[in-house]
Amino acid sequence: MDVEEHVWIRIVVFLCLWHWAASQLAYSISEEVNKGTVVGNLAKDLNINVQELENRDLRVVSSYSKTYLNVNLRSGNLLVEERIDREELCPLTIKCSLKLQAVLSNPMTAHRVEVNILDVNDNSPAFLESRYYLNISESSLTGERYFLPVAVDGDIGSNSVKTYKLSQNEHFSLDVQSGGEHGVSAELVLQKALDREKQSVINLILTAVDGGKPPRTGSLQIHVNVIDVNDNIPAFSKLLYKVRVKENATPGTLVIKLNATDLDEGMNSKILYSFIKRGNIDPSNIFDLNSETGEITVKGGLDYEETPAYEVRVQATDQGASPRSAQAKLLIEIIDINDNPPQISVTSLMTPVKEDAELGTIVALITVSDKDGGKNGVTSCKVVGSVPFKLKSNYKNDYSLVVDGPLDRETTSVYNVTITATDEGAPPLSSNKVITVHVSDVNDNAPKFMETVINVYVKENSPTGSVIYTVNAFDADLDVNAKVTYTLLDSSLKSIPVSSILNINSETGDIISLQSFNYEELKTFHFKVQATDSGVPPLSSNVTVNVLILDENDNNPTMLAPYSEHDAVNIENIPYSAEAGYFVAKIRAVDADSGYNALLSYHLSEPNGNNLFRIGTSTGEIRTKRRMSDNDLKTHPLVVLVSDNGEPSLSATVSIDVVVVESTAEIQTQFRHVPVKEDSFSDLNLYLLIAIVSVSVIFLLSLITLIAVRCHRTDGTFSRYSAPMITTHPDGSWSYSKATQQYDVCFSSDTLKSDVVVFPAPFPPVDGELISINGGDTFTRTQTLPNKEKVGHLYLFSFSALKTASYFFLVLGCLGGGGGIFCLFLSSTIFIFQPLSHYSSAPQVTESQLVKGDQIQLYWYNLSNKS
């Protein structure tokens, strides 16, 4: 930066002092001389003594950025300070010189110095690019000229470019033209026609020569690209192609790859392939042709049976501006294979087939065909699987499908019969045909009930018109043959037709009651229901219906003599000296219901006597709690409440006045209030007599009937009712056994206080019901009796000491066997057991009933057994 400022200062000073001097010095020097070369002697040329140069401070100043020349103050010589390149200093100019100022001080003077730079041949001709590309069409005519690049030479004059030279070739020549001051130029001239297919690229070398001595040269590589012209047509490798393809070739299978070539290049050589449509035959429907690669592939299905060969014309066209094309013929032969499976057709189908169809009945007519020939067209046919059908050959490929086994619509209503046909090709082909055969229904099944015996439980007093049960029968047949209607079979109950008691809905099977039932009058009855289908002929089946009436608590307890008179005041006397536990009276009552509804309990409802008297809740015995005292009343009115065990409970009351007397002589018997009728029976005695006589008559009739049935039937239907075996035990109990059943009845000698327990030997089952009635104030009920099969009724008659002998003769005739009734008597107790064979299958929890009456205590149980 300091050097530049120093130079500019010199220039300013020089301009200011310009008018002080007018002398000018001129020198000449060649470029590229060595450093230190003497250009001239300024001291001499300026007439200045050498010794004054330093005093006057001789300096050379210029406007150039480089210091090309400098002065030696000792000698006064102008010397070359730095390399001088004329081409750099004065490019593209003919004359080149350095303009300097020689400045002296004391006094200050300036002298202009001009140094001419002489050119030397130090630069070779050069082209702007090393390679030059020239595109010439092969259709160009001879004599056509093409401009070439001009070489540049930094030198001037005779050292510049003077001429051009071209390398040896057969197609081009060089025409060099002189432009005077503008130099020389060269043109390329076509001497011979070009052919790209023979030589597509021509390489030339252009050399530029200057006029220096010795001359210097520069070269340029010229690449002549011969541009193609579509002067060649495509050519197939063959004029006729032959190829064979299997008829089972899948779409996309390669048939052949065509090959056509074109000697041209670029678009002129790019070939596209296409089919030539001839008449109505369009090969593109069957084959695909890749227009670029020439690959022909299978497009549609090939079938030798339809077309054994295809003749196809193909065309190859180039993509030149004026496209040129060529054609070839392609013969495609189809190879026959076994590609057609047999075809199964049903010409006639006779369906549905009745399930009672005979063997050999024709179901369908079948025809098998195969389009292949020879062995490929020979077929065999068969039925696959286990079905009641087979094929019967009629003629060649005609068959009949016939019935070959029994049919049952209820088991299988539809058969899918698979028929397989196979040809004899290699490999063999087969096909299947499924024929659906429907089997029509025939009325061959009777309606069926789910149970052989139906047990129906009906509460007594149920409203009339209620549905007590709905029977249901199933018919395995179909439609009309399965439509079931229900009817009641004619039967009577105590000379009353069942149809007057019950009715049945013929369509739904609802059994409807026509009257209300009373358990006390009718406990059970049975009848049969018939189910009939609507087939032709109709089929039917029966079921037995057992109706068991369930007891309801609809009867109040009834007092028995001597306390049976309504609104009467009963009086009982006891001595003043009576001890605690003294027997005052015994209240007896009966209930027309059964089971727990008839299980009675006794209570004192008036609180006045509760501290002096107590009553056995199960026995009805009134006894004193303690001895009498002077503070006790002489008369104690008691009200006894008798309640059953029903839901809800029903009750009755009786009033007794207990009078305390001083002497036992005043005490009358406990039956003093009973009107004595020695000459006639009481009502209860009459009822008992009628009952025993009736039972005896029923036994005799049953025995006669049993004998008649046994004589008529030999299958031993009633063998299970063998003669009873009665066994006494050391503990005083009696047991009754039959074949597989045994029941024990245990009692004590005091029947008024005894516990009555009935259970099957050897021990009570855990799922039945036991009623134990003891002599205390409470009673217990536990489930011990079996509940699966009702066997019969056991009656226990216990007579008091009075008026018992007159009934013994009626009992003696009861002892019998064979499934009727049998009676035992011991002391004053009579047992009557009646097996209920026609109720043996009723699954019912047993009911127990206790009946107490005047002079007679009646116990009876409905026994049951699981087996």
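Heavy-atom basis, side chains included; hydrogens, waters and symmetry copies ignored. Residue numbers start at 1 and run along the sequence shown. Because the structure is predicted, anything quoted here is derived from the model rather than measured.
Summarising the geometry of D593 relative to A598, their closest heavy-atom pair is O-CB, 3.1 Å, with the distance given to 0.1 Å. Minimum heavy-atom separation, N376 to G425: OD1-CA, 3.0 Å. The two residues D554 and E520 have their closest heavy-atom pair at OD1-OE2, 3.9 Å. Closest heavy-atom contact between V536 and N481: N-OD1, 4.4 Å. Heavy-atom minimum distance, V434 versus N416: CG1-CB, 3.9 Å.
Side-chain contact between L488 and K528: absent, with no pair of heavy atoms (C-beta onward) separated by less than 4.5 Å. In this structure, the side chains of S594 and Y519 come closer than 4.5 Å at one or more pairs of heavy atoms. The shortest side-chain heavy-atom distance between D533 and N443 falls under the 4.5 Å cut-off. A 4.5 Å side-chain heavy-atom check between V353 and L407 finds at least one atom pair inside the cut-off. By the 4.5 Å heavy-atom criterion applied to side chains, L548 and V458 are not counted as neighbours. Considering only heavy atoms from C-beta on, T487 stays 4.5 Å or farther from V529 through its side chain.
Scanning for side-chain hydrogen bond (donor to acceptor under 3.5 Å, both in side chains) contacts around N503 gives an empty result, with sequence neighbours left out. The ring-ring contact (aromatic ring centres under 6.0 Å, His included) search around F517 returns F525, not counting sequence neighbours. Considering only residues two or more places apart in sequence or on other chains, Y415 meets the ring-ring contact (aromatic ring centres under 6.0 Å, His included) condition with F389. Remark: S541 pairs with no residue by the side-chain hydrogen bond (donor to acceptor under 3.5 Å, both in side chains) rule, at least two apart or across chains.
Taking CG of L429 as the start and CD of E424 as the end, the distance is 12.5 Å to the nearest 0.5 Å. Atoms OG and NZ, on S431 and K433 in that order, are 9.5 Å from each other to the nearest 0.5 Å. Of the inter-residue distances, the one linking L599 atom CG with N597 atom CG reads 9.5 Å to the nearest 0.5 angstrom. Between atom OH of residue Y457 and atom CG of residue L550 there is a gap of 8.0 Å, rounded to the nearest 0.5 Å.
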**Prompt:** Are S649 and D644 close enough, and set up right, to give a side-chain hydrogen bond (donor to acceptor under 3.5 Å, both in side chains), and what steps lead you there?
**Reply:** CA-CA 6 Å; S649 177; D644 59 25; 3.3 Å; yes
**Asked** Do D591 and N555 pass the side-chain hydrogen bond (donor to acceptor under 3.5 Å, both in side chains) test, and can you show the C-alpha distance, the side-chain angles, and the key distance before you say yes or no?
**Response** CA-CA 6 Å; D591 195 315; N555 292 282; 5.0 Å; no
When the side chains of residues 462-470 are checked against the rest of the protein, which donor-acceptor pairs come out under 3.5 Å, sequence neighbours left out?
unit_1	atom_1	unit_2	atom_2	d
S462	OG	K459	O	3.3
S466	OG	P463	O	2.9
S466	OG	S513	OG	3.4
T470	OG1	D510	OD1	2.6

Taking distance alone, no hydrogens or angles, what donor-acceptor pairs closer than 3.5 Å link side-chain atoms of residues 338-346 to residues at least two apart or in another chain?
unit_1	atom_1	unit_2	atom_2	d
N338	ND2	D423	OD1	3.3
N338	ND2	D423	OD2	3.3
N338	ND2	P427	O	3.2
N340	ND2	E305	OE1	3.4
N340	ND2	D372	OD1	2.7
Q343	NE2	P341	O	3.4
S345	OG	T367	O	3.2

